[in-house]
Chemist: 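Before I ask anything, let me first share the structure, which is written out below as C-alpha cells.
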Amino acid sequence: MAIDSGVLQGAPTPRLAQITPEMAEILLSRAVVNRRLDWGQVDFLADSIIRGEWQLTHQGIALDGPLETGCLLDGQHRLNAIIKACVPVWIYVFEGLPRTAFPVLDTGKRRSGVDTLSSTGEKYLPLLHSTIRHVLLFKNMPDSSWSGNGSRIANGRILAAYNEDSDMYREAVAMGRDVSKHVFASQTGVAVGYFVTTEAAPAVKVDSWIVGLASGANLEIGDPRLALIKVPHMKKRGIKRRYTMREQVAIYIKAWNAWVQEEKVENLRFKKTESMPIPVEVKFDR
C-alpha cells in the first residue's frame with residue numbers, strides 16, 4: 001500500500017511547546033468561543049499533572065494562527081488544568097487550524113478504562129476495571145466519597161495497578177464472581193474486600209474463609225462468616241436498602257478482621273460517619 005507523505009496545503013502545523021500557567025492564561029484570553037467547562041474534568045487533569053502522571057500524546061491545543069498570536073479553538077480544559085496545577089507541561093500546539101473545523105472538535109468517543117484494559121487479554125473487563133478503581137480509592141481516599149468527579153482515576157493508573165498485581169486482581173475478580181452469590185455485597189464489593197484483606201494478610205490461609213462463606217455449613221452464632229452471610233441484601237423490613245461500594249468493602253473488612261483475630265460478632269454494621277476499617281496485617285505464620 002502506497003502512502004503519500006507529502007504536505008497537505010493549508011494543514012495545521014504541529015509544534016511541541018512547554019505551556020506555563022501564565023501562557024495558558026494568555027491563550028485562554030484569546031479563545032474564539034468559551035465553551036461550557038466541565039470543572040470535574042479540569043480537576044481530574046490538574047490532579048494528574050500534580051501527581052506527575054501527565055503524558056505527552058497527540059492530543060493538545062489548537063489555534064487558528066501561530067502560538068504567539070493565534071486564537072484558541074480547542075484545549076480549554078487542558079489549559080485550565082495547567083493553571084490550576086500551577087505546573088508547566090509539554091503539549092502539542094496545532095497552529096493554523098481553520099476556524100471552520102471548530103464544530104467537529106472533540107466529537108470522538110473518549111477511551112474508557114475498560115478499553116484500556118482490553119489489551120491485557122483478561123476476561124470480565126468491567127468487573128476488573130471496577131475492582132482496580134475501587135482498590136485505588138480504598139488506598140488513596142478511604143474516608144472520602146467514592147463517587148462523583150473527585151473519585152475519577154486516570155486510565156494510566158488503572159493499567160499500571162493491573163500490571164503491578166495482575167495475578168492478585170485476577171484472583172480477586174474470580175472470588176468476587178463466586179462469593180457475591182452468598183453474601184449481600186456485589187461482585188466488585190467482594191473482589192475489593194478480598195484483594196485488600198489478602199494483600200494485608202498474605203500468611204492467612206483463606207480456604208476456610210471462602211468455604212465458610214460459600215456454604216454457611218456448621219457455622220456457629222458469633223462466627224464472623226455467618227454474620228457476613230446474614231447482612232441484609234437489598235430489603236430490610238420492606239424498605240429497599242442499597243449499600244454504597246464503600247459500605248460494602250468496610251463491612252467485608254470488619255468481618256474479615258474479626259475472623260482473623262478469632263473474635264465473635266453477630267451483627268455487622270457500618271455508619272457513613274465511620275472511618276474505613278484497616279485490614280489486619282498478618283505477614284508471617286502465627
Side-chain angles (χ1 to χ4, degrees), residues 12-97 99 101-102 104-113 115-117 129 132-164 245-246 275-276:
T13 304
R15 171 180 174 183
L16 186 59
Q18 187 178 49
I19 304 298
T20 65
E22 295 75 21
M23 192 181 303
E25 290 184 353
I26 293 173
L27 291 171
L28 285 169
S29 72
R30 292 195 241 132
V32 171
V33 176
N34 287 312
R35 283 174 165 170
R36 181 181 175 184
L37 281 179
D38 178 351
W39 286 105
Q41 175 69 359
V42 172
D43 292 342
F44 176 70
L45 293 174
D47 289 343
S48 296
I49 294 171
I50 292 170
R51 287 195 300 265
E53 296 171 356
W54 176 275
Q55 294 190 41
L56 178 67
T57 72
H58 66 287
Q59 295 175 309
I61 63 176
L63 307 171
D64 67 355
L67 179 61
E68 291 74 17
T69 59
C71 293
L72 180 69
L73 297 177
D74 188 34
Q76 286 189 105
H77 288 88
R78 295 180 181 88
L79 294 173
N80 275 284
I82 292 170
I83 294 171
K84 180 167 184 180
C86 204
V87 176
V89 301
W90 287 94
I91 194 169
Y92 275 108
V93 179
F94 289 84
E95 301 174 307
L97 186 72
R99 291 198 183 191
F102 181 80
V104 300
L105 297 177
D106 285 339
T107 57
K109 182 179 182 293
R110 181 180 295 173
R111 185 183 297 273
S112 70
D115 293 334
T116 302
L117 288 172
H129 173 266
I132 298 173
R133 174 176 175 267
H134 285 95
V135 167
L136 292 175
L137 290 173
F138 170 84
K139 291 182 176 183
N140 293 284
M141 43 187 294
D143 297 324
S144 301
S145 173
W146 290 1
S147 61
N149 287 327
S151 65
R152 293 177 63 184
I153 304 291
N155 292 346
R157 292 183 70 195
I158 296 288
L159 185 58
Y162 166 83
N163 288 332
E164 186 175 343
M245 193 60 63
R246 185 168 170 269
S275 296
M276 175 64 70

Chemist: Tell me every residue that passes side-chain hydrogen bond (donor to acceptor under 3.5 Å, both in side chains) with Ser48, counting only those two or more places apart in sequence or in another chain.
Modeler: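 If we apply the side-chain hydrogen bond (donor to acceptor under 3.5 Å, both in side chains) test to Ser48, skipping adjacent residues, there are no hits.
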
Chemist: Just jot down the side chain to side chain contact (heavy atoms under 4.5 Å, CB included) partners of Ala160, sequence neighbours excluded, or say none.
Modeler: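 None.
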
Chemist: Give, for atom CG of Leu56 and atom CG of Leu16, the distance between the pair rounded to the nearest 0.5 Å.
Modeler: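 Reported value, rounded in 0.5 Å steps: 5.5 Å.
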
Chemist: Test of understanding: with side chain to side chain contact (heavy atoms under 4.5 Å, CB included), list the residues that count as partners of Phe138, not counting sequence neighbours.
Modeler: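 Partners of Phe138 by the side chain to side chain contact (heavy atoms under 4.5 Å, CB included) criterion, ordered by chain and then number, come out as Trp146, Val196, Val249, Ile253, Met276, Pro279.
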
Chemist: Examine distances only and state if a side-chain atom of Asp64 and a backbone atom of Cys71 form a donor-acceptor pair shorter than 3.5 Å.
Modeler: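 Answer holds: yes.
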
Chemist: Which heavy atom of Leu67 sits nearest a heavy atom of Ala17, and at what distance?
Modeler: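 Leu67 and Ala17 have their closest heavy atoms at CD2-CB, 4.1 Å.
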
Chemist: Just jot down the side-chain hydrogen bond (donor to acceptor under 3.5 Å, both in side chains) partners of Asp47, sequence neighbours excluded, or say none.
Modeler: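 With sequence neighbours excluded, Asp47 shows a side-chain hydrogen bond (donor to acceptor under 3.5 Å, both in side chains) to no residue whatsoever.
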
Chemist: Which atoms form the tightest heavy-atom contact between Ala85 and Ala46, and what is the distance?
Modeler: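 What the structure gives for the nearest pair is CB-O, 3.8 Å.
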
Chemist: Output the distance between atom NE2 (His134) and atom NZ (Lys139), rounded to the nearest 0.5 Å.
Modeler: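 Nearest 0.5 Å value for the NE2-NZ distance: 14.5 Å.
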
Chemist: Residues two or more places apart in sequence or in another chain: which of them pass salt bridge (Lys or Arg N to Asp or Glu O under 4.0 Å) with Glu53?
Modeler: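 With neighbours one apart ignored, the set is Arg51, Arg157.
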
Chemist: If a pair satisfies salt bridge (Lys or Arg N to Asp or Glu O under 4.0 Å) and one of its residues is in residues 83-95, list it, with sequence neighbours excluded.
Modeler: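 Found Arg15-Glu95, Asp43-Lys84.
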
Chemist: Which of these passes side chain to side chain donor-acceptor pair (under 3.5 Å) with Gln41: Arg78, Arg152, Gln76?
Modeler: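 When side chain to side chain donor-acceptor pair (under 3.5 Å) is applied between Gln41 and each of Arg78, Arg152, Gln76, only Arg152 qualifies.
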
Chemist: Please identify each residue that fulfils side chain to side chain contact (heavy atoms under 4.5 Å, CB included) with Ser147, with sequence neighbours left out.
Modeler: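 Result, side chain to side chain contact (heavy atoms under 4.5 Å, CB included) vs Ser147: Ser145.
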
Chemist: What's the separation between atom CG in Leu97 and atom CD1 in Ile61, rounded to the nearest 0.5 Å?
Modeler: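 Answer for the CG-CD1 pair, Leu97 versus Ile61, is 11.5 Å.
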
Chemist: Which atoms form the tightest heavy-atom contact between Met23 and Ile19, and what is the distance?
Modeler: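 Where Met23 meets Ile19 most closely, the heavy atoms are SD-CD1, 3.5 Å.
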
Chemist: Please enumerate all residues that pass side chain to side chain contact (heavy atoms under 4.5 Å, CB included) together with Gln18, with sequence neighbours excluded.
Modeler: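 By the side chain to side chain contact (heavy atoms under 4.5 Å, CB included) rule, Gln18 matches Pro88, Trp90.
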
Chemist: Show the numbers, then the answer: is there a side-chain contact (heavy atoms from CB on, under 4.5 Å) between Leu63 and Thr69?
Modeler: CA-CA 9 Å; Leu63 307 171; Thr69 59; over 6 Å; no

Chemist: Run the numbers on Leu79 and Ile91 for side-chain contact (heavy atoms from CB on, under 4.5 Å), then give the verdict.
Modeler: CA-CA 10 Å; Leu79 294 173; Ile91 194 169; 5.9 Å; no

Chemist: State the CG-CE distance between Leu136 and Met141, to the nearest 0.5 angstrom.
Modeler: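 Reported to 0.5 Å precision, the distance equals 11.0 Å.
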
Chemist: With Asn163, which residues qualify under side-chain hydrogen bond (donor to acceptor under 3.5 Å, both in side chains), at least two apart?
Modeler: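 For Asn163 there are no side-chain hydrogen bond (donor to acceptor under 3.5 Å, both in side chains) partners, ignoring immediate neighbours.
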
Chemist: Run Leu117 and Ile132 through side-chain contact (heavy atoms from CB on, under 4.5 Å) and show every step you take.
Modeler: CA-CA 11 Å; Leu117 288 172; Ile132 298 173; 4.3 Å; yes

Chemist: Set out, in order, the CA-CA distance, both residues' side-chain angles and the distance that settles side-chain contact (heavy atoms from CB on, under 4.5 Å) for Asn80 and Trp39, then state yes or no.
Modeler: CA-CA 9 Å; Asn80 275 284; Trp39 286 105; 3.9 Å; yes

Chemist: Taking side-chain contact (heavy atoms from CB on, under 4.5 Å) as the criterion, tell me which of Leu28, Ile49, Val87, Val42 meets it with Ile82.
Modeler: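 It is Ile49, the one option of Leu28, Ile49, Val87, Val42 that forms the side-chain contact (heavy atoms from CB on, under 4.5 Å) with Ile82.
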
Chemist: Could you tell me whether Tyr92 atom OH has more than 12 heavy atoms of other residues or ligands within 6.0 Å of it?
Modeler: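 Open: at most 12 neighbouring heavy atoms sit under 6.0 Å from OH of Tyr92.
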
Chemist: Could you give the distance from CG (Asn155) to CZ (Arg133), rounded to the nearest 0.5 Å?
Modeler: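 Reported to 0.5 Å precision, the distance equals 11.5 Å.
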
Chemist: Would you mind listing every salt bridge (Lys or Arg N to Asp or Glu O under 4.0 Å) that reaches into residues 21-30, with sequence neighbours excluded?
Modeler: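 Non-adjacent pairs meeting salt bridge (Lys or Arg N to Asp or Glu O under 4.0 Å): zero.
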
Chemist: Please report the interatomic distance CD1(Ile50) to CG(Leu45), rounded to the nearest 0.5 Å.
Modeler: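 If I round to the nearest 0.5 Å, the distance is 11.0 Å.
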
